[in-house]
There are 2 protein chains.
Amino acid sequence: MSTAYRRVDGRRARGDRRRTEIVEAALRVIERDGVAGVTHRTVAAEAGVPPASLTYHFASLDDLVVGTLTWSAERMATRIRDGIESSRIKGRSQAGAVAETLAEALGPQRGRTMAEYELYLLAARRPALRPAARQWLDVLTSLGRQPDEVGFRAFLAGVDGILLQGLIDDDPPTAAELLPVVEHLLEPLR
Amino acid sequence: MSTAYRRVDGRRARGDRRRTEIVEAALRVIERDGVAGVTHRTVAAEAGVPPASLTYHFASLDDLVVGTLTWSAERMATRIRDGIESSRIKGRSQAGAVAETLAEALGPQRGRTMAEYELYLLAARRPALRPAARQWLDVLTSLGRQPDEVGFRAFLAGVDGILLQGLIDDDPPTAAELLPVVEHLLEPLR
DNA sequence: GCACTACCTGGACGATCGTCCAGGTAACTT
DNA sequence: AAGTTACCTGGACGATCGTCCAGGTAGTGC
């Protein structure tokens with residue numbers, strides 16, 4: 001074996017191009033139709049590859065879903081951390097940055113957010129998915145100073161609740177509408 | 001038409017026995033395997049009725065899922081309201097009652113809670129389900145005094161977040177562990 | 001050039017899906 | 001007793017599912 005191979009799911013992966021193309025297509029399908037809409041054929045059509053290509057790159061459909069959600073969780077987590085931190089160094093208030101990020105997650109990023117919570121629910125039934133689901137909590141935790149403090153735990157819960165409830169609003173809430181609640185949740189922490 | 005009939009889903013329903021049996025079976029299936037596990041045949045087997053019976057009583061599988069989740073939301077909502085109110089008149093602290101109810105929802109009632117949040121996510125994609133999903137919020141709101149207050153909205157979000165995060169804990173949190181967070185969320189309201 | 005190997009896919013298989021329909025059953029009316 | 005009607009279901013249909021496999025292709029080492 002001359003070229004550098006990595007073992008992934010019991011299968012070799014070199015360029016990984018096809019593989020990531022498939023994962024990205026799967027994420028688009030999940031954002032649009034939910035996990036329920038994921039089949040070999042829908043994802044293959046979305047990615048523009050033959051259905052058999054999925055069986056080649058992933059041991060099972062389940063592996064694909066798990067891989068996609070895990071990968072998505074990582075991307076979203078870093079995106080949020082970067083957003084909050086960069087607006088913090090710009091001198092903006094932390095509450096404002098959080099409120100804006102939440103409004104974004106419920107507006108332009110709505111599909112991504114739904115995917116994220118589908119992961120949560122899947123993780124509730126499958127322990128193997130829990131570390132991936134908790135990444136999101138870990139990112140938020142890394143933004144706090146005393147992660148164990150009661151007020152901070154309340155803040156974490158509040159953020160999840162705001163997002164979840166925002167998903168069943170008829171119109172997504174604006175950052176301005178969210179701001180007072182975020183401020184209230186953040187208040188005892190400063 | 002001598003006996004009293006009610007129109008349900010464009011179909012008559014008299015005794016409704018079969019119908020509720022099917023709905024209850026569907027709920028058990030959802031609690032066990034999630035919405036993804038619901039098929040005509042799995043529900044029929046769980047209910048001990050022939051698969052064709054589902055097509056007779058429900059216009060489509062989708063109607064069954066929607067009906068089941070709506071019905072479950074109603075039951076859970078009244079159950080929670082009763083629990084909180086009854087323990088309130090017993091002189092216990094409200095925070096304690098809430099914490100206990102949450103711990104119950106994450107322990108013995110875990111399956112029910114997961115079903116509830118599957119409804120949330122389904123409602124995020126299908127506006128028709130949103131009123132049913134919001135019942136849960138309405139119940140909580142009916143317990144508060146000033147539903148529009150910022151602190152109360154934070155409390156509502158916090159409760160949803162606690163439940164959601166509790167579902168991906170490896171061991172369900174106890175009422176004692178939940179109590180400080182609940183108290184913290186309830187604090188500004190009294 | 002040839003052999004080799006990793007990479008890829010068309011096409012098909014059996015399983016399972018949602019739904020339908022012809023016909024059976026039992027309760028009520030007359 | 002006979003008729004009527006609401007209630008129910010066995011069995012089958014076509015569609016779609018996940019997965020497999022024989023074989024094709026393109027790149028590398030000689």
Side-chain angles (χ1 to χ4, degrees), chain A residues 1-27 29-30 32-69 118 122 126, chain B residues 1-27 29-30 32-69 122 126 128:
Chain A
M1 206 188 293
S2 56
T3 30
Y5 281 84
R6 283 184 294 125
R7 283 262 163 199
V8 181
D9 283 333
R11 220 177 262 285
R12 294 174 197 81
R14 184 181 47 189
D16 267 354
R17 259 223 345 261
R18 259 293 160 77
R19 209 171 191 277
T20 55
E21 276 175 11
I22 291 172
V23 168
E24 281 168 0
L27 183 55
V29 171
I30 293 178
R32 193 196 320 125
D33 305 320
V35 173
V38 174
T39 72
H40 276 143
R41 287 164 237 259
T42 56
V43 174
E46 176 73 32
V49 302
S53 180
L54 301 212
T55 352
Y56 179 75
H57 287 283
F58 296 89
S60 77
L61 231 213
D62 206 74
D63 279 359
L64 172 57
V65 172
V66 169
T68 300
L69 288 177
E118 298 221 31
L122 235 49
R126 311 228 228 121
Chain B
M1 206 186 295
S2 57
T3 31
Y5 280 83
R6 285 184 293 126
R7 283 258 164 202
V8 180
D9 282 334
R11 223 176 261 285
R12 293 174 197 81
R14 185 181 48 190
D16 266 356
R17 258 222 346 261
R18 261 294 159 79
R19 208 170 191 278
T20 55
E21 276 175 11
I22 291 172
V23 168
E24 282 168 0
L27 183 55
V29 171
I30 293 177
R32 194 196 320 126
D33 305 322
V35 173
V38 174
T39 71
H40 277 144
R41 288 165 237 260
T42 55
V43 174
E46 176 72 33
V49 302
S53 181
L54 301 211
T55 351
Y56 178 76
H57 287 283
F58 297 89
S60 75
L61 230 212
D62 206 72
D63 280 359
L64 172 57
V65 172
V66 169
T68 300
L69 288 178
L122 235 50
R126 309 230 228 121

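Chain identifiers are assigned alphabetically (A, B, ...) following the order of the sequence lines, protein sequences preceding nucleic acid strands; residue numbering begins at 1 within each chain.
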Is there a side-chain contact between B:His57 and the phosphate of D:dC8, meaning an N or O under 4.0 Å from OP1 or OP2?
yes
Just to confirm, is there a sub-4.0 Å distance from OP1 or OP2 of D:dT9 to any side-chain nitrogen or oxygen of B:Ser53?
yes
Side chain of B:Thr39: nearest nucleotide among C:dG18, D:dT19, C:dT19?
C:dG18
Length of the line joining B:Arg41:CZ and D:dC13:P, which is rounded to integer Å:
14 Å
Residue that, paired with A:Arg41, satisfies side-chain contact (heavy atoms from CB on, under 4.5 Å) out of A:Thr39, A:Val43, A:Val38:
A:Thr39
To the nearest Å, give me how far apart CG (B:Asp62) and P (C:dT19) are.
9 Å
Regarding the side chain of A:Thr55, the nearest nucleotide among C:dG11, D:dT19, C:dC20 is D:dT19
Looking at the side chain of A:Tyr56, which of C:dC21, C:dT9, D:dG18 is the nearest nucleotide?
C:dT9
Among D:dC20, C:dT9, D:dG18, which nucleotide has an atom closest to any side-chain atom of A:Leu61?
D:dG18
side-chain contact (heavy atoms from CB on, under 4.5 Å) with A:Ile22: which of A:Leu27, A:Leu64, A:Thr68?
A:Leu64
Hey, does B:Val43 reach any base, or is it just sugar-phosphate, or nothing, if we go heavy atoms under 4.0 Å?
nothing
Are B:Val66 and B:Phe58 packed together at the side-chain level, in the sense that at least one heavy-atom pair is separated by less than 4.5 angstrom?
no
Return no unless some side-chain N or O of A:His40 is found under 4.0 Å from OP1 or OP2 of D:dT19.
yes
If you check every side-chain atom of B:Arg18, which of C:dT9, C:dT19, D:dT9 has the closest atom?
D:dT9
Considering only D:dT19, C:dG11, D:dG10, which nucleotide approaches the side chain of B:Ala52 most closely?
D:dG10
Are A:Thr42 and A:Arg32 close enough that some pair of their side-chain heavy atoms sits under 4.5 Å apart?
no
